[in-house]
Colleague: 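Please find one structure pasted underneath; my questions will follow.
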Amino acid sequence: MAVLLNLIFFLPPVLAAAMLRLPPERRNYTAVAGVGILTLFAVMLFFLPFEVRFAFPEALHLLFWAADIAVIGFFAYAGLRHRSMPVLLLALAQMALYLGVAGSAPAEKTADIVLNETARYMFLIINGVGGAIIIYALHYIQSEAVQQRRKNGFIALLFFFVGVMNMIVAANSIELFFLLFELTTLCSYLLIKFRQDAQSVENAKRALWMNQLGGLAILAAMAASLTAYETIYFDTLLSRANGAAWLLPLAFLALAAFVKAALIPFNSWLLGAMVAPTPVSAILHSATMVKIAPFLILKISGGFDATLSFLVALVGSFVFMTASLFALSKDYFKEVLGYSTIGLLGLMIALAAIADPLAHKAALFLICFHAVAKGALFLQAGILEKHYGVKYISQIRGLADRNPLFVAMIALAFGALTLPPFGVFLGKFMAIELFSQQMQSHPLFSVVLLFSVLGSVVLTLLYFRLLSNFYAKSAQSAGEGTAVDKRYFFPAAGLLAVLLAGAVLSFGTLGITQVLLPLLLLGTAGALVLLFRAKHIDRTKTYHCGEKEQAVLANSYFDFESRYMKRAQVLALVLMAAIVAGGWYV
Amino acid sequence: MSTTTKAVDMQIPLGAQHISLLEPVKFTFTTQNEKIVDVGSDVGFVHRGVEHACSSKFEFKQVGFVVARICGLCAITHSMCYTAGVEKLLDAQVTQKAKYLRTLLIELDRIHSHMLCLSHTCENAGFEAMFMSLMGDREPVMGLQEAITGNRVQFDYITIGGVTREFDAQTAQKIIQVLGQTQKKIEGYIEEFQNNWSLSKKFEGIGALSPEGAYEYNAIGPLARACGLQVDVRNGLDYLPYKEVGFTTITQTGGDIHARNMVRLYEILNSIKMCRNIVEGLPEGEIQTKVRGKPQGEVITRLEAPRGELMYYLKGENKKVLDRVRIKTPTFATIPAMIEIFKGQDYADAPAILASFDPCLSCTAK
Amino acid sequence: MFEIIFVLSAPLLGGMLQGIERQLRARMQNRMGPPLLQPFYDMFKLIEKRPMIVDEAHTVFAIMHFLTLWAVVAMLVLGDNLLYVIFLHLLATIFLVIAGYSVKSVYSHLGANRELWVLAVYEPVLILFAVAFYLLEGSFSLQSIYSGQAHLFALLPLFAAMVLVALIKLGKSPFDAAHAHQEIIGGVEIEYGGVFYEFLYMAKWVEYIFIYTLFWLFAGSNLLLGIVLLAGVFVLLNLIDNATARIKISDLLKVGLIWGVGLAFINIVGLLYV
Amino acid sequence: MFKLKNFRKRSLWILHYNAGSCNGCDIEILACLGPTYDLERFGVLNRGNPKQSDMLLITGPVTYRSRERVVELFTQMPEPKVVVAVGSCTCTGGVFSGMYNVEDGVDKYIPVDVYIPGCAATPEYIIDGVLKGLELLEHKSKEIVKPKKLFKKLSFHKDHIDRRGIAGKVGENDGKD
Amino acid sequence: MLHSLKKALHNLFKRPQTLDYPANPIVKGENFRGLIGYSREDCIFCLKCEKACPPEAILFTPLPEEKKSQKKEKLYNYNPYLCIYCGECVRACPKPGEALWQSGDKPLVGTQADKINQKWEAVKSDYDNG
Amino acid sequence: MEKIKLEFDRIHAEIGKFYDKKTWHFMTLNGVALDENTLEVQWLFAKYESGEIVALYTVVDYGQTLPDISDIIPSAVISQREMVDMFGINVQSSEKGLYLDGDSKDHPLRKERS
Ligand code: SF4
Ligand code: SF4
Ligand code: SF4
Ligand code: SF4
Ligand code: SF4
Ligand code: SF4
Ligand code: SF4
Ligand code: SF4
């Protein structure tokens, strides 16, 4: 099995290398085959009945050490090249801290790699959803106006990213985790920069230094862990810190997670990533990068005490509410999706922070289904941009008339984020129950509950509003109702199929009627919309006060973001500071 | 790359047909988030051509009945204003009793018209019960008008030289009794309009006109008086005995819907007082004097209709048909003000603001 | 068995309720009012009208709105999970909102938009309502709520919040901005006529049953209290409707979020300490 | 056995349009909706929406600018429907007959089922008329009644006014919705 | 708000103010202005009423040939759907109350079958020709 | 009613000089067709305090263009539009179509009509 594990770690980099070399035709076949194999591995590993742990040979450790130095060095170089003070300074700080930590780390005999249940789920998402996105990207990237070499590089990077992700979810050594964390930062930096215009470079720099902060937090966690618990391994740390009062390492790790999850106030890096080609957003939001955050919290929340658990949940739910609210102010489709990702990550983190098996299950549900649904949505956002030339919600109006099937697919993806019986709904549903439960022992959790209730309502509102735009009639619907390119269509449709199939998973938590009834209703609605053609029924015009002219329609809009962003950021920062303080004193 | 949603304008039509409208008028509100930023209007739906008909088709004796049909709500003020003008041109004398009776009817009309306006404003503010209640309490007043003139709405009571009917002692008693009841009801409404929480949300500070704006836009009637302007044509009339029957000018400050409502409510009380004085102090005498001759010359007469100043300009050239009849109606001049007031308000308030103007498009467009 | 009959006849019962309400309202307004069966006369008339539609999807969504609401009531009455029922109720609202947007009519769009905003007020209250029962009963199971004791007195603030929600959901002033007749002529429902309007009309009846059943939960298994409670709420809602004007949607949001959600939240926190 | 017909006659939703009246009849319609006359006893509701209305209450002699709106509203109402002309000026033009901007009664444009005389028509007449309309509604078949063309036979100033000729296509769905 | 609440509650236990017309007829005052009444016997055919009437709701048309008898007798036509019930005709009439009077009767509601406007058109063309 | 004649060229200036918004209430703009070609145009004012009425007037023929006074008196806009409709005289920056449809060639209140 360790072989399989090693394969899933090292096949992607190999594929990445292949992508760089192969001519386009063969490149595509190889990529599709590679994705297939990876997904197969992930599925096989998923059904593995036991935990796998092993350590890498010493030589590899040295390689990792060298890689670390190289990556940090590259960051320093990037800082110099872009004349970005934060990047340079952070790189230097990281270098110093890393050398200090690595130098003083004791020799431990523990597994570097641990394959537990959480990791198995993550494999599925990373390889399944990530794979679908890569396949989609194969065609998508061809329409970019760059040289073929860079297009290949793009695909290669995506593969490499998947590889890194595969390894990070199984990493048990914090040092290794740090390296991979930095590598994801690097990947995202390169991907965001892909189009190389001023905006892209600017946003890539921002993503870089913010994520470096996360790296720094991990280094700080390592340092703290070394001083108090003399280990740089997750499992050892958790077992030693369990019941202990001083939880600073965990607090720092949580901070790193917050940065990766782009929680407010770090939200700007993820939103800035929108400048890159759509597959980048898709892969960042669904399968990779940001998912590290809830995953990390899941990993370490076993060591949380009640206060830390509450504080992290508070940050999570607070961000859930505010990010959902800010999403309402956005018109750019991908940004709306971005904010909603941030919000849902907040909820995942809040759930993951509760040391309770059910909470972990809920968090996992959310992670998985959010990944699938968001992946699908981003792919569809890409189709909207490339195929229909639509980027803004206000332009979306009336699309349902032109391509009902496509819109039904989007509707399904949105539905999967709010409605029963889909996974994300299930997560929210369980969250409310869990928080209510927590409340009984820890009354302050009522605030977490309130935030999540409001957040989930606002999010629902957001999705409805968005969705209704597709069905909205407008005076100005342009373009033709052509079929969407198959190469775009299939990855998205595949993900949706997974979503639907996933509803089955909720059977344990929901009863049969609870699962089937909404499916039936949705199905009827969909079927009726597609099939109901009342030829014999007369048509009338819409009522316009007896006048004949055309209506000029528009949505209402809001400006929560510019009004409340500052306050939200300050509040979130205060809460995060409280976490560090809590880790120190409690 | 900040792409916060842009301000997109939505155009909300109100009219020509709309449930909150009694009369056809068309406003097109350009709104952002239901806030009105611009208003387009079309007020000409009810144009029938009365001015033209009055100087071509109808003889001057008939015109009184025609101009009454410019508007059913203040039909009596139209016929009064016209008749006063013609009487001036003919140099006719009218008995004191006829003058008193004319005033009585005009004030009764004001009572029912104000109550209607208030109830319509409440209906448009979504207060159905208040609409019902006011409409119910208005009925006795309508009954009085029918008892006196023989018709509930178009009284056709004033003729050149006097009035058509008088009433007996029994009716007089009934008038006093109904007025007493109505007064009590109105006092109740005054309290309710001041204290109802939801009405304060709907009316206070909404659709406000400043005193400056009132001068600027030539506001008249309750609209101006709600801004504190002392404008009431009844103050200086020579052909109706307002001074004797206890008229006072009612003003309020604030200029919002609430102030307009209060002006109307207090004016109803004042009208009730005047009516009572008239019925109790009705002079003896004939109600009709014979009038001869044909109108000759130019005259302007003014009268305070429920909605404000009504003006007639008549020009006769010693013929049966007048040379020119110019009617300036209360709402006519305030349409620019209305459009100004709408801006910056919520669309949700528009129907109530509109109703609180008590606009009369049928007379505006004639 | 009783439950099943109740569910099947929910629209009819709602219609009766509306008939009584129209009569009650009329009497409060000092007039005779329509006959008790008026809603059904309306129904039969609507069915007889010549069908006219604006757009197919628009029509379908109205039908789905009705069906979903009915399903929601079924789940509620048959004793499912309270929280689940409340979430499923969202689905009904989605159909309505999309229906509102799917025609090129200003008023319909305004109505749909407002429908969304009022959702932001009542949905949190409803969820907190479910949570309150969770805290008291230990689960969201409606079965146990129906057979449990009456919680009205532990949940008085929440009860007040629910009255607010009921006013919003049943379209009564002061909180009926979502389908304000004098502004947007019924909002979402404006473009429907004939049979297709009938679905929305009946959906309103079902909505009555939904809301009043939620109130029933306050009484638990106490039948007498339940009946008194429902009658009281019924009269109270109509009294409020008859004593207030419609406030604007922005005011509604403020009042609803501060008072509705506020009261519900305070009640829940209170439950933890009592 | 119940028949659908038995039920229909007691529900009547109205749409009111003022086509240039003096408001006299309109306020009497309002009075009818008020508590003293309470039309809701007969199931009457003022819907303000042609699509949900069975009866079109028209007041006013139909001014030139109103005529297309009248037809538009009429066509948006689904059958069976009745049109009630309220007030003398609506029936025949009343005092306004022959004025240059009026069309002398609605029946030039749409088929009128009930004529309520009076200036103003009192609530009593209006209730009579509405009940008459209810009766007719019961008998009305579902046949489609088309509005008449937009024209005025007796044009007051033929040589001055050529705008009467423009009879727009009204009321039908132009496929843009 | 309290005032309205009290009122609503109070109304609930009161008899409604609705006049149950048509179940109970509405009694009109004696001088209610209804239909114009006409007596052929008393009329002197001075045509003053015709001239006075603003909407021309009274028209005198020539009698059919065979009926033509003494003096200047003509056929009285009255259109209650055109009449505005102002009473001017009665005031103009030299024999008010005998030849012409305003009754308290209410006019009948017309229907399509009554062909109101067509019939009046015919009267008007008679009048124009006469 | 006092009548003051204005010279055609000085209408705007004279009204501007005369009109004080807190003293004078602008009632309306009135037109009286004198014969087929000439029209008397009156700007009617009433004093707030005493009710005294003043008519500023001028005699024009239909070819002339009246100045726009809505910068002095905003509510005159609508009267001016009415003049355009009823008499077919031009008023600066006021179009037709307040009451009559834009395509009407008719001017009901001109002398030759009655
Ligand atoms: S005034 Fe009120 S009741 Fe009357 S038609 Fe208008 S909205 Fe309806
Ligand atoms: S001001 Fe209004 S109420 Fe008075 S006559 Fe004119 S239209 Fe009628
Ligand atoms: S707003 Fe309209 S639909 Fe809503 S309750 Fe009032 S009358 Fe009924
Ligand atoms: S029929 Fe008479 S009362 Fe009715 S609207 Fe017309 S003019 Fe007014
Ligand atoms: S809002 Fe309209 S439909 Fe509703 S009760 Fe009032 S008048 Fe009737
Ligand atoms: S019939 Fe008479 S009262 Fe009625 S609208 Fe016509 S003119 Fe006015
Ligand atoms: S009452 Fe008036 S309208 Fe009727 S016939 Fe006599 S004069 Fe003519
Ligand atoms: S005025 Fe009298 S007498 Fe003369 S024609 Fe008429 S009814 Fe006859």
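Computed from a predicted model, the values in this text were never measured in an experiment. Letters A, B, ... are given to chains in the order of the sequence lines, protein chains preceding strands, and every chain is numbered from 1.
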Colleague: For the OH atom of D/Tyr37 and the CE atom of C/Met32, what is their distance to the nearest 0.5 Å?
Modeller: 14.5 Å
Colleague: Between C/Lys49 and D/Pro80, which heavy-atom pair has the shortest distance, and what is it?
Modeller: NZ-O, 2.8 Å
Colleague: Taking the side chain as every heavy atom from C-beta outward, state whether D/Leu33 and C/Arg31 have any pair of such atoms under 4.5 Å apart.
Modeller: no
Colleague: Could I get the full list of salt bridge (charged side-chain N to carboxylate O under 4.0 Å, His left out) partners for C/Arg27, not counting sequence neighbours?
Modeller: none
Colleague: At their closest point, which heavy atom of D/Asn49 faces which heavy atom of C/Ile190, and how far apart are they?
Modeller: ND2-O, 2.7 Å
Colleague: Sort C/Met52 into side chain, backbone, both or neither according to what part of it lies under 4.5 angstrom from a heavy atom of chain D.
Modeller: side chain
Colleague: Output yes when a side-chain donor or acceptor of D/Lys51 lies under 3.5 Å from a complementary backbone atom of C/Tyr192, and no otherwise.
Modeller: no
Colleague: May I ask you to test the D/Leu12-C/Tyr41 pair for a side-chain heavy-atom distance under 4.5 Å?
Modeller: no
Colleague: Which pair of non-hydrogen atoms, one from D/Pro35 and one from C/Asn30, has the smallest distance, and what is that distance?
Modeller: CB-O, 3.7 Å
Colleague: So which part of D/Ser53 gets closer than 4.5 Å to some heavy atom of chain C, the side chain, the backbone, both or neither?
Modeller: backbone
Colleague: Could you look at C/Phe196 and say if it's the side chain, the backbone, both or neither that has a heavy atom under 4.5 Å from chain D?
Modeller: neither
Colleague: With a 3.5 Å distance limit and no angle check, can you tell me whether C/Asp42 reaches the backbone of D/Ser11 through a side-chain donor-acceptor pair?
Modeller: no
Colleague: Does a side-chain N-to-carboxylate-O contact under 4.0 Å join C/Glu189 and D/Arg47?
Modeller: yes
Colleague: With a 4.5 angstrom heavy-atom cut-off, which part of C/Glu191 approaches chain D: side chain, backbone, both or neither?
Modeller: both
Colleague: Does the pair D/Leu45 and C/Gln38 meet the rule for a side-chain contact (heavy atoms from CB on, under 4.5 Å), with working shown?
Modeller: CA-CA 11 Å; D/Leu45 280 185; C/Gln38 189 59 49; over 6 Å; no
Colleague: Quick one: side chain to side chain donor-acceptor pair (under 3.5 Å) pairs with a partner in residues 236-245 of chain C, sequence neighbours left out?
Modeller: C/Arg25-C/Asp241, C/Gln29-C/Asn242, C/Ser173-C/Asp241
